[in-house]
Amino acid sequence: MEFLSEQYWNNRYLTNNFGWDIGQISTPFKFYFESLTNKNLRILIPGAGNSYEAEWLMNAGFKNTFVCDLAKEPLSNLKSRCLIFPDNQLLHSNFFDLNIEPFDLIIEQTFFCALNPMLRQNYFNKMQSLLKLNGQLVGLLFNTVFDSEKNGPPYGGNLNEYLNYIKNTTLKVIKMEPCYNSIEPRANRELFFILQN
Ligand SMILES: C[S@@+](CC[C@H](N)C(=O)[O-])C[C@H]1O[C@@H](n2cnc3c(N)ncnc32)[C@H](O)[C@@H]1O
C-alpha cells in the first residue's frame with residue numbers, strides 16, 4: 001500500500017499515538033521564521049499535523065500561511081488553538097492531490113519521513129510544482145535509520161539519497177547540512193535544508 005489512509009492518521013491523533021508531536025514550535029523553525037521579514041509570503045506546511053509552526057506564523061502576522069493534512073483531527077486542533085486561522089487555509093487533502101496557486105515557501109518537518117519511501121521522488125516532483133519560481137522548500141530531513149522501519153513510519157534516509165531525488169527536479173540545493181539546533185531527541189540526526197526553484 002503506497003498511502004497510509006486518512007483513517008490511519010486520524011486514529012493516531014484520536015488515540016494520542018503521536019510521538020512526533022512536540023507540543024510547540026521546534027527550535028530550528030523558530031530561529032528560521034524569526035529571520036523572515038516579508039510577512040506577505042505565501043507559505044504552505046504539508047503533512048502539518050497539529051502544526052505549532054503554523055500557529056506561530058499566523059500569530060506573528062504571516063497571514064498567508066496554509067496547512068495541508070490528510071487527517072481532519074489535527075486541522076480541527078489547530079483551529080481550536082488559533083481561532084484567527086482562516087478556514088480556507090486549512091487544506092484537508094492528500095498533499096499529492098493539491099491543485100493550488102504556488103507558494104513562496106514550503107516547510108518540511110516529519111512529513112517526508114511519514115510517507116512510504118516509494119513516494120520520495122514524487123514528493124520532490126510535487127514540491128517543485130507547488131513552488132513559484134525562486135520559491136523555497138525549507139526544513140528538516142532525518143539523516144538516520146530507524147530500527148522500527150519494518151513496522152511503518154518514520155522512515156529514515158541520508159544526504160546522498162535525498163540529493164539523488166533532487167537532481168531529477170529543477171530544485172537547487174542552497175543548503176543541506178547537519179542541523180545545529182535540533183530539539184534534543186533529534187540531535188545529530190537531522191539535516192537542515194533549503195531548496196530553491
Ligand atoms: C509524522 S506526522 C508529522 C506532523 C507534523 N509535521 C509535526 O511535525 O508534528 C505526519 C503527518 O502527515 C500527514 N499525512 C500523511 N500522509 C499525508 C498525505 N499524503 N498528504 C497530507 N498529509 C499526510 C499525517 O496525517 C500526519 O499529520
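Both ligands and their constituent atoms are indexed starting at 1 by order of listing.
In this structure, R120 and Y162 have side chains that are in contact, with non-hydrogen atoms separated by less than 4.5 Å.
Scored by the salt bridge (Lys or Arg N to Asp or Glu O under 4.0 Å) test, K30 finds E34 as partners (sequence neighbours excluded).
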Side-chain polar contacts of residues 56-67 - donor-acceptor pairs under 3.5 angstrom, sequence neighbours left out - could you list them?
from : atom 1 : to  : atom 2 : distance (Å)
N59  : ND2    : E55 : O      : 3.3
N64  : ND2    : N40 : O      : 3.0
T65  : OG1    : F62 : O      : 2.8

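Residues in residues 175-187 take part in these salt bridge (Lys or Arg N to Asp or Glu O under 4.0 Å) pairs, two or more places apart or across chains: K175-E177.
F95 and F112 have their aromatic ring centers separated by at least 6.0 angstrom.
Rounded to the nearest 0.5 angstrom, N168 CG and L163 CG are separated by 11.0 Å.
Within 4.0 Å of ligand 1, counting heavy atoms only, the contacting residues are F3, W9, Y13, W20, G47, A48, G49, D69, L70, A71, S93, N94, F95, Q109, T110, F111, A114, L115.
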